[in-house]
Amino acid sequence: MKDFLKYVLATITGIIVLGLIMGIFFVISLVGLAASSASTVPVEKNSVFTFMLSGQVDERVQEDFVAQLSGQVSENMGLDDIVTSIKKAKENEDIKGIYIEAGLFSVDAPATAHAIREALLDFKKSGKWIIAYGDSYTQTEYYICSVADKIYMNPQGMVDWHGLAANPYFLKDFLAKFGVKYQLCKVGKYKSAPEMMTADKMSEPNREQVTAYMTGIWKVMLKDVSDSRKIPVDSLNAYADRFVALAEQSDLVKMKLVDKLMYTDEVKGEIKKLLKIDADEDINQLSLSDMINVKGVKEKGDEIAVYYAYGDIVDSETESLIQQEHSIVANTVCKDLEKLANDDDVKAVVLRVNSPGGSAYASEQIWHAVQMLKAKKPVVVSMGGYAASGGYYISCGANYIYSEPTTVTGSIGIFGMFLDASGLLTEKLGVKFDEVKTNKHAAFGTMARPFNEEEIALLDQYIGRGYELFRKRVADGRKLSVDAVEEIAQGRVWLGNDALGIKLVDAIGSMDDAVKKAAQLAKLSEYKTKGYPEPTDWFTQLLDMTSKSSYLDEQMRATLGEYYEPFRYVKNINKQNAIQARLPYFITIK
């Protein structure tokens with residue numbers, strides 16, 4: 001018995017000691033991660049910023065310490081980090097150029113690619129060089145890399161230059177096989193978001209608007225590439241029609257799409273020549289993660305807050321957690337904007353919007369918060385890839401609005417889409433219902449049957465009032481008559497360049513342009529910027545282990561590709577607010 005107790009105590013002691021040792025190592029790892037993320041990276045003389053076009057670019061990326069501890073390293077990049085890093089490279093005299101290497105790369109919208117390209121163009125104003133290399137170039141990668149002084153490609157590579165195409169999905173007939181359908185109430189003949197669930201092809205108004213904004217995006221891409229590569233637009237269109245992705249590699253040089261065919265090691269030699277170093281010397285390289293931690297030019301003066309509002313607009317944090325995507329949570333955003341309004345150190349606010357919209361109710365709440373903020377200090381909107389429907393709703397009341405030329409905006413309209421699974425329950429599964437009620441509409445919304453004509457009429461009235469309110473918000477914010485807004489509303493989607501002519505936006509410009517305008521409106525001679533919401537520190541992330549992690553969602557996106565969005569939508573559709581002000585759920589442009 002004594003030996004038994006002795007062994008048990010020894011085992012317990014061993015477990016406790018092992019736990020303490022593991023705990024110490026865990027804490028050391030945390031401290032190491034925190035220290036590495038906070039440390040400033042030194043820049044050696046004659047350095048190169050090596051920008052790897054690989055992974056998914058989102059509006060903003062939060063560093064996930066919990067995921068890093070478990071070995072789950074995200075490949076996502078933040079547009080804010082990319083643009084800031086390019087700006088730092090321009091300002092740092094020890095960085096002589098940028099080397100871009102094309103890989104597996106995707107962006108959330110054409111405007112994101114345009115913003116990166118514009119930042120690279122601004123970098124070239126410093127007189128420094130940009131070199132691009134790729135085993136192969138996707139169309140988006142080539143569009144970005146076309147800004148380079150020299151474009152090199154692997155001798156067996158390709159340039160995928162083919163034009164744009166949209167492939168919307170339609171699930172009506174698929175759902176009908178299960179006895180499921182959706183009843184629709186909407187305002188706006190161009191409001192095409194519900195078509196995926198209620199139609200089997202594009203409506204003519206939708207085809208009209210999609211054709212218009214895709215043609216507009218392609219024109220911008222053609223002009224930008226033409227200006228940089230000195231290739232006529234007609235030639236670029238001809239190359240697209242010939243599907244040059246399958247062309248002989250030497251022909252791509254003749255077409256001036258690339259400058260030279262070479263292997264990776266040969267590119268290193270070209271860069272060493274530009275750096276004026278010997279062939280056997282190493283190149284001092286800085287990655288994007290390094291550049292994020294490189295010290296930039298110190299800003300001074302009054303603060304301009306840059307508040308990032310990106311993703312679907314939802315009513316609550318619960319809905320955001322269910323979607324497993326970054327969202328614009330109405331009650332959180334309203335509280336944040338109220339704090340900025342009451343912060344005397346903040347003299348102006350730039351609201352960075354990248355959203356296809358979402359809940360109409362949530363959009364109205366954020367609009368109100370923007371008005372309360374605007375009453376105390378200037379508010380300037382900077383539109384990203386999307387600022388449409390609910391995304392435009394929360395933007396329209398600002399003092400001034402900047403858009404990218406290829407931002408998808410407008411879409412002033414509202415719809416309600418209501419699931420009718422009664423066919424599945426009664427016809428497919430054999431469930432029977434009966435009914436007892438005290439009042440005429442006591443069973444409104446029952447799953448036993450679809451809405452009847454009178455109930456649909458009530459819903460139409462409700463959604464019509466929502467549309468009239470949305471339209472009035474736009475009219476008041478843009479200083480237009482309601483009739484003038486109606487002419488450009490009806491759910492019509494507009495490209496940034498076109499939105500300028502119809503007064504939905506004030507100017508075409510970047511985030512930097514929006515910050516400068518905010519400083520002008522606030523009458524600031526010197527200013528500094530600060531991003532909001534502030535990143536969650538590693539300790540808070542550790543305590544909040546139940547918070548959503550985007551890692552698994554990123555893997556699903558990478559695995560499913562263009563099928564990711566319909567999968568995510570079908571999974572979450574019944575958990576969203578039924579009354580929506582948003583774009584089509586997914587149109588893949590490729």
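For Tyr402, the ring-ring contact (aromatic ring centres under 6.0 Å, His included) partners two or more places apart in sequence, or in a different chain, are Tyr400. Ser136 meets the side-chain hydrogen bond (donor to acceptor under 3.5 Å, both in side chains) test with no other residue; sequence neighbours excluded. Residues that satisfy the salt bridge (charged side-chain N to carboxylate O under 4.0 Å, His left out) test with Glu364, not counting sequence neighbours, are Arg473. For Lys530, the salt bridge (charged side-chain N to carboxylate O under 4.0 Å, His left out) criterion is met by Glu534, not counting sequence neighbours. In terms of the side-chain hydrogen bond (donor to acceptor under 3.5 Å, both in side chains) criterion, Trp367 has no residue partners (sequence neighbours excluded). Qualifying ring-ring contact (aromatic ring centres under 6.0 Å, His included) partners for Tyr99, counting only residues two or more places apart in sequence or in other chains: none. Legend: residues meeting side-chain hydrogen bond (donor to acceptor under 3.5 Å, both in side chains) with Tyr467, ordered by chain and number and at least two apart, are Glu486. In this structure Tyr143 satisfies the ring-ring contact (aromatic ring centres under 6.0 Å, His included) test with no other residue, sequence neighbours excluded. A search for salt bridge (charged side-chain N to carboxylate O under 4.0 Å, His left out) contacts involving Asp498 returns nothing, not counting sequence neighbours. Partners of Phe123 under the ring-ring contact (aromatic ring centres under 6.0 Å, His included) rule, at least two apart in sequence or in another chain, do not exist in this structure. Not a single salt bridge (charged side-chain N to carboxylate O under 4.0 Å, His left out) links Lys219 to another residue, sequence neighbours left out.
Looking at every heavy atom in both residues, Lys503 comes nearest to Leu480 through CD-CD2, 3.8 Å. Contact record, Val505 with Arg478: C-NH2, 3.4 Å, taken as the closest heavy-atom pair. The shortest heavy-atom contact between Ala89 and Met291 is N-CE, 3.8 Å. The two residues Ile95 and Lys128 come nearest to each other via the heavy atoms O-NZ, 2.7 Å. The shortest heavy-atom contact between Ile401 and Ser395 is CD1-O, 3.5 Å. For the pair Met77 and Leu288, the tightest heavy-atom approach, listed with the atom from each and the gap, is SD-CD2, 3.6 Å.
At least one side-chain heavy atom of Phe470 sits under 4.5 Å from a side-chain heavy atom of Ile412. Considering only heavy atoms from C-beta on, Thr406 stays 4.5 Å or farther from Tyr213 through its side chain. For the pair Leu337 and Met372, the minimum side-chain heavy-atom distance is 4.5 Å or more. By the 4.5 Å heavy-atom criterion applied to side chains, Ile394 and Ser363 are counted as neighbours. Side-chain contact between Tyr532 and Asp336 is absent, with no heavy-atom pair separated by less than 4.5 Å. Residues Val381 and Tyr392 have side chains not in contact (no heavy-atom distance under 4.5 Å, counting atoms from C-beta outward). Taking 4.5 Å as the limit, some side-chain heavy atom of Leu120 sits within range of a side-chain heavy atom of Ile100. At least one side-chain heavy atom of Lys376 sits less than 4.5 Å from a side-chain heavy atom of Asn342.
Using a distance-only test at 3.5 Å, with no hydrogens or angles considered, no donor-acceptor pair links the side chain of Trp494 to the main chain of Ile502. Here the side chain of Asn354 pairs a donor or acceptor atom with the backbone of Tyr386 at under 3.5 angstrom. Side chain of Gln139 to main chain of Gly163: a donor-acceptor pair is present (N/O by atom type, distance under 3.5 Å, no hydrogens or angles). The closest donor-acceptor contact from the side chain of Lys88 to the backbone of Val294 lies under 3.5 Å. Glu299 places a side-chain N or O within donor-acceptor distance of the main-chain N or O of Thr529, the cut-off being under 3.5 Å. Between the side chain of Asn399 and the main chain of Val379, a donor-acceptor pair closer than 3.5 Å is present. Remark: side-chain polar atoms of Glu526 are not paired, donor with acceptor, to backbone N or O of Lys300 under 3.5 angstrom.
Arg352 forms no cation-pi arrangement with Tyr308, by the criterion of a distance under 6.0 Å to the ring centre and an angle within 45° of the ring axis.
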Contacts table for residues 507-516: side-chain donor-acceptor under 3.5 angstrom, sequence neighbours left out:
residue : atom : partner : partner atom : Å
Ser510  : OG   : Asp512  : N            : 3.3
Ser510  : OG   : Asp513  : N            : 3.4
Ser510  : OG   : Asp513  : OD2          : 3.3
Asp513  : OD2  : Ser510  : N            : 2.8

Please assess Ser289 against Ser287 for the test side-chain hydrogen bond (donor to acceptor under 3.5 Å, both in side chains), listing each intermediate value before the final yes or no. CA-CA 5 Å; Ser289 59; Ser287 67; 2.9 Å; yes
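Using cut-offs of 30° and 60° for the angle between ring planes, the Tyr142 and Tyr137 rings count as perpendicular.
Heavy atoms from other residues, nucleotides or ligands lying under 6.0 Å from NZ of Lys124 number more than 12.
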